[in-house]
Amino acid sequence: MSLLPAAGTGAGRAGREGRGRVSPIVVAGMHRSGTSFLTSVLHAAGLAVGERLLTPDARNPRGYFEDRDFYDLHLRMLHALTPAGEAGFRDWGWTESERLDRDRLPEFRAAALQLVERRRRADAGAWGWKDPRNALLLDFWHEVLTAAGTTPGYLLVYRSPWDVADAVQRLGVDVFLEHPEYAYRIWCFYNRQLLEFYRRNRQRSLLVAIGAILADPGSFTALLAEKLQLEVPANLPARLFAADGLSTRAADDPLIALVAAASPEAVALLGELDRDADLSAAGLWRRPGPLRPPPVQEPPVVSVVVPCRDQPELLVESLASAERHAPGCELIVVDAGSRQPRAVALLDNLRRAGYQVVEQAAGGGAAARNAGLASARGRYALTLEAGDRLRGGFLEAAVGLLDGEPGVGLVYAGGRGPGTGQWPTPEDPELDLDRLLAGGVIASGALVRLAAWQASGGYDEHFEEDEAAEWDLWIALAERGWQLRRLPGAALDLRPRPAATARAERSAIGERRDRRERLPGAVVQEAVVRKHREIYLRRLPHVLAALERARAALAADAEQLGEERRRLAEERRRVDEERRQVDEQPRQVDEARPRPAAEDGDPTERDRLYQELAAWRERVRVMEATRAWKLRGRLLRLRRLLRSRLPG
């Protein structure tokens with residue numbers, strides 16, 4: 001397979017004959033929008049995209065296909081053009097003021113020309129480069145490439161804002177976890193400039209929606225031939241597509257209407273892109289009408305309570321998951337003192353649309369949960385933290401169990417985080433009373449019988465940590481004879497939360513409380529034990545035995561994980577050495593890149609090594625994040641506390 005000027009026939013060929021070959025091809029689009037995938041298609045068809053490419057990693061195991069020289073230049077440029085010290089993400093050329101000092105662009109013209117000349121000499125055939133940051137620098141590169149005597153073409157790609165925002169959250173970068181609204185704002189910033197450049201340069205640009213390419217690869221490859229004069233086999237995109245990397249929501253998914261209420265500017269811009277695009281996403285999503293709450297079964301069986309404090313982008317994710325997987329449930333939003341203008345506007349929109357929004361400005365997470373549950377009318381209730389998403393199947397099974405067994409007060413299941421697996425793991429035993437008292441697994445998703453919650457006194461609002469309040473409630477349920485039952489699988493998809501956000505939330509809670517009532521994290525366990533002193537004294541030998549078993553299991557896990565870490569480090573050194581040897585032979589690697597004969601999709605040796613290295617790195621990262629490392633200290637502290645304080 002080779003990527004050559006398209007032959008064409010008739011009017012299409014005649015229209016191309018006077019223009020010559022289009023080269024280079026510049027690929028641009030918002031981060032996480034499919035630019036890597038599209039460049040992999042062009043690369044597999046023969047487009048030279050650079051010899052020094054960014055290394056694949058767990059975030060993009062198939063490769064970024066980004067020329068490191070262009071990448072490094074763009075980082076220098078964007079850090080020079082953006083205001084130092086301003087909040088945002090300067091690596092992506094965005095700060096909150098959205099100012100780019102374009103007067104400084106001439107400083108980089110000589111370096112850009114030199115880079116273009118070097119690439120043009122190195123690649124006699126069709127060549128190009130990809131970097132999402134191109135979207136902010138298209139006019140700069142167009143001037144440079146024209147001055148260099150080339151005939152550039154531009155492949156511009158966009159993706160729906162809700163899918164991009166989800167992918168950005170999954171990166172696990174703290175700035176986006178702390179500011180989930182950044183994903184939507186940067187999406188608008190990038191795509192506005194992409195669209196304006198396209199409108200000025202339609203003849204040499206191709207604007208496409210990634211979802212439309214995956215739905216109709218034949219139309220995409222025909223457009224490549226027509227507008228950019230590139231021949232790419234129509235079946236190539238489908239052969240290279242990785243569904244897990246470019247997933248998209250259904251056309252009528254409830255998230256779309258909620259995003260339109262939280263970020264109307266993004267949905268409006270998506271409509272503009274669709275109207276101008278050569279291959280648009282029209283038909284792949286449905287423009288929402290007026291926002292309306294989902295219908296509620298009367299009387300409701302399940303009430304879903306979603307507390308929130310600012311961060312409206314996370315709230316809409318949780319609400320959409322409840323509408324998607326809990327039809328007929330009663331939805332209750334608890335506003336725990338939101339102040340961000342975007343959050344206040346969304347909550348106002350939800351109220352006007354008919355959603356039930358409960359105000360709870362004072363107190364922390366426990367108070368917000370109590371306020372929502374106090375308003376609930378269902379027999380059973382589930383609290384869903386903003387940003388966490390309900391998975392399908394859990395509620396149906398949990399309701400069936402609670403309906404069938406009146407002595408069960410709570411049904412729980414695990415949560416699944418991106419890249420971290422499920423917690424608790426399927427191998428973990430079901431939680432019994434002694435493991436619960438010993439600080440055993442507190443699952444992420446739980447459906448509670450509302451009568452049991454009321455009889456147990458609700459969440460103790462003195463506990464600032466949600467986990468402590470939940471642990472306390474579960475012990476209170478068990479004290480009153482309610483059974484706690486576990487279902488297999490996971491109830492929730494969990495979003496990672498940065499440490500800085502957790503600290504800020506605790507600080508905000510503390511400001512609204514008398515210092516004498518605050519419970520620092522160091523004494524939370526002691527407070528729980530003293531509050532339930534009677535049951536701890538009664539079960540002391542059993543609790544100590546449970547603690548000893550847990551400690552031994554964690555010690556064994558830690559030893560096994562340590563050995564695994566050492567083995568992985570050795571494997572990583574081996575793969576790094578093999579990769580270094582391959583990198584020293586770039587021309588041989590270039591000749592080994594996938595060609596038409598490789599219809600089975602076998603990767604090159606370089607790709608294989610990069611993918612293997614990325615897999616090892618991901619295993620190390622997951623291992624280091626395991627709760628076995630994190631819970632050992634907690635269990636040991638609780639064990640010392642029980643032995644030193646309770647007997648007296």
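In what follows, every heavy atom counts, from backbone to side chain, and hydrogens, waters and symmetry copies are set aside.
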### Query
In Å, rounded to the nearest 0.5 Å, how long is the span from OG of Ser338 to CG of Leu346?
9.0 Å

#### Entry: Close side-chain approach of Arg485 and Glu405, heavy atoms under 4.5 Å
yes

#### Entry: Flag side-chain contact, heavy atom, 4.5 Å: Trp474 against Leu431
yes

### Task
Check whether any side-chain heavy atom of Leu315 sits under 4.5 Å from a side-chain heavy atom of Leu347, and report yes or no.
yes

### Query
Got Ile186 and His31 here, is their nearest side-chain heavy-atom distance under 4.5 Å?
no

### Task
Report the C-alpha separation of Asp348 and Arg351 in whole Å, then their side-chain angles, then the decisive distance to 0.1 Å, and conclude whether the salt bridge (Lys or Arg N to Asp or Glu O under 4.0 Å) test is met.
CA-CA 5 Å; Asp348 287 343; Arg351 290 186 192 92; 2.8 Å; yes

### Query
Okay, side chain of Asn370, backbone of Tyr459: is any donor-acceptor separation there less than 3.5 Å?
yes

### Task
Mind listing the closest non-hydrogen atom pair of Leu450 and Gly378 along with its distance?
CD2-O, 3.3 Å

### Query
Under 3.5 Å, is there a donor-acceptor pair between the side chain of Arg324 and the main chain of Pro254?
no

### Message
With rounding to the nearest 0.5 angstrom, report the CD to CG distance, Glu313 to Asp166.
### Response
13.0 Å

#### Entry: Test side chain to side chain contact (heavy atoms under 4.5 Å, CB included) applied to Arg449 and Leu477, step by step
CA-CA 10 Å; Arg449 192 182 298 273; Leu477 290 170; over 6 Å; no

### Message
The criterion is side-chain contact (heavy atoms from CB on, under 4.5 Å); which residues satisfy it with Val296, sequence neighbours excluded?
### Response
Glu298, Pro300, Glu330, Arg377

### Query
Taking the six-membered ring for Trp, are Trp92 and Tyr182 ring centroids under 6.0 Å apart?
no

### Query
Do His325 and Phe394 have ring centroids that are under 6.0 Å from one another?
no

### Query
Do you know the tightest heavy-atom contact between Trp187 and Ala266?
CZ3-O, 3.4 Å

### Summary
In this structure, CD of Glu317 is separated from CG of Leu255 (nearest 0.5 Å) by 5.0 Å

### Query
When rounded to the nearest 0.5 angstrom, what distance separates CG in Leu540 from CZ in Arg533?
10.5 Å

### Query
Can you check whether Leu319 reaches Leu350 side chain to side chain, under 4.5 Å on heavy atoms?
yes

### Summary
Between Val411 and Val408 the two heavy atoms that sit nearest each other are CG2-CG1, 3.9 Å

### Query
Sequence neighbours excluded, which residues qualify as side-chain contact (heavy atoms from CB on, under 4.5 Å) partners of Asp466?
Arg369, Glu385

### Query
Is the backbone of Leu492 close enough, under 3.5 Å, to the side chain of Asp388 for a donor and an acceptor to pair up by distance?
no

### Message
Nearest 0.5 Å, please: how far is CG in Leu384 from SG in Cys308?
### Response
11.5 Å

### Query
Taking the side chain as C-beta and beyond, is there a heavy-atom pair between Arg170 and Arg59 under 4.5 Å?
no

### Query
Any side-chain heavy atom of Ile535 sitting closer than 4.5 Å to one from Leu433?
yes

### Message
I'd like to know whether Val168 forms a side chain to side chain contact (heavy atoms under 4.5 Å, CB included) with Phe89, so could you lay out the CA-CA distance, the side-chain angles of the two residues, the decisive distance to 0.1 Å, and finally the verdict.
### Response
CA-CA 12 Å; Val168 169; Phe89 196 55; over 6 Å; no

#### Entry: Heavy-atom pair with the smallest gap, counting every atom of Leu395 and Ala326
CD1-CB, 3.4 Å

### Summary
The single option from Leu402, Thr383, Leu401 that satisfies side-chain contact (heavy atoms from CB on, under 4.5 Å) with Leu447 is Leu402

### Task
Walk me through it: do Ser375 and Gln356 pass the test side chain to side chain contact (heavy atoms under 4.5 Å, CB included)?
CA-CA 9 Å; Ser375 301; Gln356 185 176 355; 3.7 Å; yes

### Query
Does Gln340 offer a backbone N or O that forms a donor-acceptor pair with the side chain of Asp310 under 3.5 Å?
yes

### Task
Check for a donor-acceptor pair, side chain of Thr82 on one end and backbone N or O of Trp94 on the other, with a separation under 3.5 Å.
no

### Minimum heavy-atom distance Arg342-Tyr184, with the two atoms named
NH2-CB, 4.2 Å

### Message
Donor-acceptor pair, distance only, cut-off 3.5 Å: does the side chain of Arg185 make one with the backbone of Glu96?
### Response
yes

### Full working for side chain to side chain contact (heavy atoms under 4.5 Å, CB included) between Arg339 and Arg309
CA-CA 8 Å; Arg339 297 179 182 178; Arg309 187 175 188 270; 4.2 Å; yes

### Query
Is there a donor-acceptor pair closer than 3.5 Å between any side-chain N or O of Tyr536 and the backbone N or O of Leu437?
yes

### Task
Taking all heavy atoms of Gly387 and all of Ser318, pick out the closest pair and write down the distance.
N-OG, 2.8 Å

### Query
How many angstroms lie between CD in Gln169 and CZ in Arg32, if you round to the nearest 0.5 Å?
12.5 Å

### Query
Under 4.5 Å between any side-chain heavy atoms of Lys531 and Ile475, yes or no?
no

### Message
With a 3.5 Å distance limit and no angle check, can you tell me whether Arg480 reaches the backbone of Ala455 through a side-chain donor-acceptor pair?
### Response
yes

### Query
Got a donor-acceptor contact below 3.5 angstrom from the Trp453 side chain to the Tyr380 backbone?
no

